[in-house]
Amino acid sequence: MTALLQVTGLTKQFPLKGGRVARAVDGVDLTLDAGEALGLVGESGCGKSTVARLVLRLIPPSGGSIRFAGQEISALGDTALRPLRRGMQIIFQNPHAALNPRRTVFQSVAEPLVVQRVASGAALRSRVGALLTEVGLPETFLWRYPHELSGGQKQRVCIARALALAPKLVVLDEPTSALDVSVQAQILEFLRELRMRQQLAYLFISHNLAVVRQVCDRVGVMYLSRIVEEGPVEAIFAAPRHPYTRALLAAILPPRPGVLPAETLAGDVPNAAAIPAGCRFAPRCPRRMPICTIDDPGLKRVAGGSPHSVACWGSFSD
Amino acid sequence: MTPLLDIRDWRLAFDGFEGRAQVLDGINLTVMPGETIGIVGETGCGKSVLARSVARLVDMPPGRILGGSIHFDGQDVMAMNGAALARLRGHGIAMIFQDPMTYLNPVFSIGAQMVDVIRAHDRASGQRPRNSAAARKKAADLLGSMRLPEPAGMLDRYPHELSGGMRQRVLIAMALIGTPRLLIADEPTTALDVTIQAQVLRLIAELVAMHALTLMLISHDLGVIGALCRRVVVMYAGTIVEDGEATTVFANPRHPYTRGLLAAVPDLEKPQHRAQPIPGQIPNLLSPPSGCRFHPRCALAVEQCTRDKPVMRDVAGRSVACHLAEHA
Ligand SMILES: Nc1ncnc2c1ncn2[C@@H]1O[C@H](COP(=O)(O)OP(=O)(O)O)[C@@H](O)[C@H]1O
Ligand SMILES: Nc1ncnc2c1ncn2[C@@H]1O[C@H](COP(=O)(O)OP(=O)(O)O)[C@@H](O)[C@H]1O
Ligand code: SF4
Ligand code: SF4
Ligand SMILES: [Mg+2]
Ligand SMILES: [Mg+2]
């Protein structure tokens, strides 16, 4: 079976003032099968949203290949992309900003159907009603405005709109980061069930590994524009290899008192315009060795049969 | 010992076009010096309005006090005159918020803003303001104690040049200028990545210990509260529904809402454990539910819950407001 999405050697450079260049995505490989959910996790600024925008071809890549449903789309122009766009949708972090405050729920959800001339009149009305039911909102919400909805309800409306054209791939860019934990749990449960009902593939972006675990089959951990560990979710949780993955896991606060992590990862995500030589995590790594600042470890399969890869000199075998 | 903060039957409403929203409905809260208390509840529960009430920062109107009192270190906050209020805000209470950008001026450097605050504090405490070189030195020292790299260089940078975590550290540094006794941190890490959240929480824990601060930490996430606070106060729709030692409440929550908030936090140590949602959402405070305000979302609700408002009472070593607290 060919993958729904196959990304190889993807790069994106943004020119900065003074002739410098931000290497926002710096050699990323991804595979996503139909109906599969892949999490992409890392701190702010590591390149997650740029990967999302490239995969959806909202921006052109600087290099590499993106195949969607078997078709190479990395160099397509707008006209050629238009029919493909129905198959891929995105949900953003902030549902408050994603909805037009002057439009009713009906107008927002109906918009893609109207623009693509999929339905009109009574058929449109019933299709939008069915989409609301799908995301767990009553049909009485059709005539509400965004200010009459809670954050979680707005995010459901955004999801209904994204589902309108029956996409194959939904990119979720931090879909719960702006929500309360109680509402986050609602949305995560809903996303998990939705995928089981509808054979949707997710590219699920988050800075929190715990959130990804609830929804995804596989996870890629991104650090400074590249994936540094990748594998099945449960394998990564059971035996994280990369020191960065371990640091991300250690930062998650469990529902128990008195468990503030003693050692926190120092410093912010470094600059994509000044990626260090060797291992890009070396400046923050508690396990740094001499080789680390000289040679880039590259992403390699770990010993043993599992499809688990890591980019760390200290972690290829143990 | 005098409580540092003593809130009695505090009732506050907002009047608007659509009517009166009773946002705080009889809050009772006593905080002793040195306590670390966490206030937890979903967005809209009234946590920020409560915090702002303590520093008398709620705008009136649209706010309106319906009753109750707030004492800080034995003094009636509502009766304070201008000078006393300035002392309260300058030296008694310091606040930090979710979005530091709102409280930093984008057109002035970090150093210029800190120097202003330092000199204003000198004046407020009746001293001659120190000269700007001395104030800059003090600012750099403070930034250094926030574990900010190159504190002296940081003084010449502008807010937009800093990351979210750095800005929050700058705000914490500014909050400590007046050597406050109570630090109110209102969702200080909600907008940050988990890694930066852990750094900022650790910093707050160290500062609280070093300066013997009393801490009131506000969050919608019990994981955050558990990391720093020894006492937890759960708010629902303008009321306190559970209040006790964190170890007691986390191990054996007695209010169904507290149980819901706990189950909503993902727990990596439980295999296959998924965060559980709380069904429904917080009520519109223009017309809050009768009886127990939580009853429309409560799986245990019985007929009495729709009729009688539960009062706080002692059950199993903490206070809780639920008719069924003994059985739950
Ligand atoms: N349009 C742009 N111009 C310049 N730099 C950009 C642009 N978009 C993103 N970047 C940079 O690329 C890096 C990755 O950003 P982003 O993909 O938004 O990260 P994330 O989503 O993981 O927070 C950051 O250093 C960011 O500053
Ligand atoms: N200035 C204001 N005017 C009118 N209503 C307000 C104002 N500030 C807060 N509220 C209302 O008070 C309630 C509690 O808000 P808040 O204390 O901010 O909640 P929390 O901090 O728990 O999220 C909400 O319903 C909010 O809409
Ligand atoms: S390669 Fe070296 S510096 Fe990089 S993560 Fe592994 S041990 Fe740390
Ligand atoms: S009083 Fe009744 S409705 Fe309220 S929390 Fe207790 S059982 Fe539930
Ligand atoms: Mg992003
Ligand atoms: Mg608030």
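So that the names make sense, note that chain A is the first sequence line, chain B the second, and so on, each numbered from 1.
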(Q) Please give me the minimum heavy-atom distance between B:Val265 and A:Leu253, naming the atom from each residue. (A) CG1-O, 3.8 Å
Q. Relative to chain A, which of B:Pro277, B:Cys229, B:Ala246 shows the most heavy atom pairs under 4.5 Å?
A. B:Pro277
Q) Highest number of heavy-atom pairs under 4.5 Å with chain A: which of B:Arg230, B:Gln199, B:Gln197? A) B:Gln199
Q.
Within the 4.5 Å heavy-atom criterion, are B:Arg274 and A:Arg192 side-chain neighbours or not?
A. yes
Q. Taking side chain as C-beta onward, heavy atoms only, is B:Asp267 less than 4.5 Å from A:Arg256?
A. yes
(Q) Any non-hydrogen side-chain atom of A:Pro257 less than 4.5 Å from a side-chain atom of B:Thr247? (A) yes
Q: Kindly write out the residues that satisfy side chain to side chain contact (heavy atoms under 4.5 Å, CB included) with A:Ala210, not counting sequence neighbours, or none if the list is empty.
A: A:Asn208, A:Ile252, B:Pro266, B:Leu268
Q) Going from NE2 on A:His207 to CD1 on B:Ile196, what distance comes out if it is rounded to the nearest 0.5 angstrom? A) 10.5 Å
(Q) Around atom CZ of A:Arg102, are there more than 12 heavy atoms from other residues, nucleotides or ligands closer than 6.0 Å? (A) no
Q. Which residue out of A:Ser177, A:Gly45, A:Ser44, A:Ala238 racks up the most heavy-atom pairs below 4.5 Å with chain B?
A. A:Ser44
Q. Above 12 or not: heavy atoms from other molecules or residues under 6.0 Å from CZ of B:Arg157?
A. yes
Q: Would you mind checking which part of A:Leu188 comes under 4.5 Å of any heavy atom in chain B, side chain (CB onward), backbone (N, CA, C, O), both or neither?
A: neither
**Q.** Distance (rounded to the nearest 0.5 Å) between A:Leu149 CG and B:Gln281 CD
**A.** 9.0 Å
Q: Applying side chain to side chain contact (heavy atoms under 4.5 Å, CB included), name anything that partners A:Pro232, two or more places apart in sequence or on another chain.
A: A:Ala235, A:Pro307
Q: Please confirm whether the backbone N or O of A:Val181 pairs with a side-chain atom of B:Asp221, one donor and one acceptor, at under 3.5 Å?
A: no
Q: Drop me the distance from A:Ser182's OG to B:Arg297's CZ, to the nearest 0.5 angstrom.
A: 6.5 Å
Q. A:Gln184 versus chain B, heavy atoms under 4.5 Å apart: side chain, backbone, both or neither?
A. side chain
Q.
On a heavy-atom basis, which atom in A:Leu260 and which in B:Ala198 lie closest, and how many Å separate them?
A. CD1-O, 4.3 Å
Q: Please answer whether the main-chain N or O of B:Asp193 pairs with a side-chain N or O of A:Glu43 as donor and acceptor at a distance below 3.5 Å.
A: no
Q. Which one, B:Asn284, B:Val249, B:Val194, leads in non-hydrogen pairs under 4.5 Å with chain A?
A. B:Val194
Q | B:Glu161 atom CD, over 12 foreign heavy atoms within 6.0 Å | A | yes
Q. Is it the backbone or the side chain of B:Ile225 that comes under 4.5 Å from a heavy atom of chain A, or both, or neither?
A. neither
Q. Looking at B:Val232, B:Thr195, B:Leu201, which one has more heavy-atom pairs under 4.5 Å with chain A than the rest?
A. B:Thr195
Q. What part of B:Ala251 gets closer than 4.5 Å to chain A, counting heavy atoms only: side chain, backbone, both or neither?
A. neither
Q.
Less than 4.5 Å to any heavy atom of chain B: does that hold for the side chain of A:Leu179, its backbone, both, or neither?
A. backbone
Q. Within the side chain of A:Gln186, is there an N or O that forms a donor-acceptor pair under 3.5 Å with the backbone of B:Ile278?
A. yes
